[in-house]
Amino acid sequence: MLWNEGTRPMRMSRLMVKTLREAPAEAELPSHRLLLRAGLIVPLAAGLYCFTPLGWRVHKRLETIIREEMDRYGAQEVHLPALHPLETWEQSGRATTMGPVLFHLRDRKEREFVLGPTHEEVVSHLASRHIQSYRDLPFTLYQIQTKFRDEPRPRGGLIRLREFFMKDAYSFDADWESLDQSYQEAFDAYVRIFSRAGVPVVAVEADSGAIGGKDSQEFVFLTESGEDEILLCDGCGYAANAEKADFRKPPAVAGEPLPIEEVATPGITTIADLAAFLGIEERQTAKAVFYLADGEPVFVCIRGDLEVNETKLRNALKAADLDPMDEAAVRKHGLIAGSASAVGLKGMRVVADPTAVEAPNLVAGANKADTHLRNVNHGRDWRAGIVSDIALARDGDLCAQCDGRLRGRRGIEMGHVFKLGTMYSEAMGVHYLDETGAQQHAVMGCYGIGVERMLAAVIEANHDDNGIVWPPSVAPFDVHVVVIGAGNDDVDSTLAELESRLEAAGMSALVDDRDDSPGIKFNDADLLGMPVRITVSPRALKNGGVELKLRREGDAEVIPLAGVVERVQAAQQAGGYGG
RNA sequence: CGGGGUGUAGCUCAGCCUGGCAGAGUGCUUCGUUCGGGACGAAGAGGUCCCCGGUUCAAAUCCGGGCACCCCGACCA
């Protein structure tokens, strides 16, 4: 649990760190500001940071927690190359689907390589060399390794990097039932990892993409500054990424189909205006949205009171790429934005949400300006090529599973567990012979955790106005010793005694021996955030010992030197993060 | 890639509009006084004013182009 047992306490005067009184202007997130102010990281370029000794110690402790929990359930650590031949990515087809995020390079013989953004292909290659029989399954491999992604927008300090450490694990099973168990083991390990590291997370259902796959869950750290929209039911435990979230849609206004008729709607181009103008509800209208799916025009229709979920739409279309049409494309395909409908539409695919198909007598566009149609009915007036749930769940919507309501929250994805299935084992040739001698593809799962992102979240979740408040499990040092009055014989001898006691107990300590004022030292101690602060000073000695203060609590107390180790241990236990 | 913002001392920023000695705070060095919550005095060091080009007697300042960084959206751990 303590990798640095027996090491001498680190002297602040020797530690390669410089705290900053003010954070650089570009840093906005608390974690970003504190990482820079405490000198844990130093920027090199957008999305690239150097870790200082202090920052790297935290990184290593997080890695240790991850390794222990992965090893605990039998996952086996490996190391895979970060440099991959381009052919490996062509073999899976992801050289094109992941195209823009891949960093490309060539060797001296002009052979093309990429820097690995993830390792499904390579681990599949490795596994394929081993797996021959069902007797070789199941197993889970993992590594903690650098990933490279040419992100469109690195951001938030350690939140979104171009080079980062990921703990990525891959399970190989003979069938889906066995995968369920491997998946559950990984899931349980993740719960323990985040709990130990002091990162509160919620597991939410996530989109598994158009590439097949089955269950997929994300471990999300809830924070206003998060980039993901999460929906949580206030009634049952349902939690899902907005991309995936299911909800109960309001019922349609019932009625027998009436004859279609044109109505003049001068200047009306939005659903809200249309409903107000005609004195009807938004759910009595049909909303039209236009997309380009892999370059092909797609007409999308949904009931007017709902929004389109682009992830669900992409999946329904099995499209790799989906973008809303810009004005030029809208014109090019002869669509009238604000007055469009699928009635009489030709030359493009039509995708509809069931709500637009089931509701009778909707008001839809007439495909000419300032005009709409009343009483449009699916089947009679238009027909969708694809009918699929493409509605976006929003804050306040009804839960699909209980009578509760969904609440929208923001969050950052810390980890992802995903039942991949056989996509990669088919592409990369990972197969085995079953009991009957038939060739089968291994069923895979993959499980990722972003280490730096987790570090940032630890700080987001554990800080106050004065600085970081490390959970004992990941603090760079167990104890921060502030020395006041160095040169005084009693202070010097007490410090020496304290240091040897801490060392003997296997506790790591940072000793602020700098020739600075007490105020500077106390403020730095708060900023750096070690769980326990011990002050050695003439005043404390006069009061019978050294002063001990917990970072997460306000008051200090003087205790005899002999009681220090015991108190520090108690504080570590009380931290609530099983070390 | 679209939109917005910023670039001047290690850090935070002023100066730019209205062209004319490159500045403040903080940090750093030295000396002295201090010594329990970012002390005080004195003396110093520190600059490609993001880059390239243009205008001008003269450019941090005006004009053109480029780059970098940050923030918001489409993607991910």
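Below, read A as the first sequence line, B as the second, and so on, with proteins coming before strands; counting in each chain starts at 1.
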Could you please name the partner base of [N], counting Watson-Crick and G-U wobble pairs only when both distances are under 3.5 Å?
N: B/G27; value: none
N: B/A39; value: B/U33
N: B/G20; value: B/C57
N: B/G46; value: none
N: B/C1; value: B/G73

Mark yes or no for a side-chain to base donor-acceptor pair under 3.5 Å between A/D516 and B/G38, with no hydrogen or angle criteria applied.
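Counting by modelled atom types and ignoring angles, no donor-acceptor contact under 3.5 Å is found here.
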
Presence of [X] side-chain N/O under 4.0 Å of [N] phosphate oxygens OP1/OP2:
X: A/R149; N: B/C76; answer: no
X: A/R153; N: B/G2; answer: no
X: A/S517; N: B/C35; answer: no

Would you sort out whether A/E69 and A/R72 count as a salt bridge (charged side-chain N to carboxylate O under 4.0 Å, His left out), showing the intermediate values?
CA-CA 5 Å; A/E69 294 302 335; A/R72 187 200 295 266; 2.7 Å; yes

Quick one: A/E26 CD to B/C11 C1', roughly how many Å, whole number?
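Rounded to the whole Å, the gap is 10 Å.
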
Pi-cation contact, A/F477 with A/R57 (under 6.0 Å, within 45°):
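The answer is yes; both the distance and angle limits are met.
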
Taking the six-membered ring of A/Y183 as reference, does the NZ or CZ atom of A/K419 fall below 6.0 Å from its centre and within a 45° cone about the axis?
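Yes.
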
For [N] versus [M], give the span between their [atom1] atoms, rounded off to a whole number of Å.
N: B/A14; M: B/U6; atom1: P; value: 10 Å
N: B/A22; M: B/A9; atom1: P; value: 15 Å
N: B/C40; M: B/G25; atom1: P; value: 12 Å
N: B/U48; M: B/G53; atom1: C1'; value: 16 Å
N: B/G44; M: B/C52; atom1: P; value: 33 Å
N: B/G3; M: B/A60; atom1: P; value: 31 Å
N: B/U55; M: B/G64; atom1: P; value: 15 Å
N: B/C69; M: B/U33; atom1: P; value: 49 Å

Which listed nucleotide ([options]) is nearest to the side chain of [X]?
X: A/E413; options: B/A77, B/G38, B/C11; answer: B/A77
X: A/D323; options: B/C69, B/G25, B/A74; answer: B/A74
X: A/R21; options: B/A74, B/G38, B/G37; answer: B/G38
X: A/R155; options: B/A77, B/C35, B/C71; answer: B/C71
X: A/E22; options: B/G73, B/G37, B/U12; answer: B/U12
X: A/E28; options: B/C71, B/U26, B/A77; answer: B/C71
X: A/D524; options: B/G37, B/A77, B/G38; answer: B/G38
X: A/L527; options: B/G38, B/C69, B/C35; answer: B/G38

Contact class for A/E452 (heavy atom, under 4.0 Å): base, sugar-phosphate, or nothing?
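No contact.
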
Centroid under 5.5 Å and tilt under 30°, A/F164 to B/A77
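According to the criterion (under 5.5 Å, under 30°), yes, A/F164 stacks.
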
Between atom OG1 of A/T52 and atom CG of A/L35, what is the distance when rounded to the nearest 0.5 Å?
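Spacing of OG1 (A/T52) from CG (A/L35) equals 9.5 Å.
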
A/E227 and A/I412: which non-hydrogen atoms are nearest, and at how many Å?
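Reported closest heavy-atom pair: N-CG1, 4.4 Å.
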
Taking only Lys NZ, Arg NE, NH1 and NH2, and the carboxylate oxygens of Asp or Glu, determine whether A/R533 and A/E547 approach each other closer than 4.0 Å.
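A/E547 and A/R533: salt-bridged.
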
Is A/K244 salt-bridged to A/D207, cutoff N-O under 4.0 Å?
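Here A/K244 does not pair with A/D207 in a salt bridge, since their nearest N and O are not under 4.0 Å apart.
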
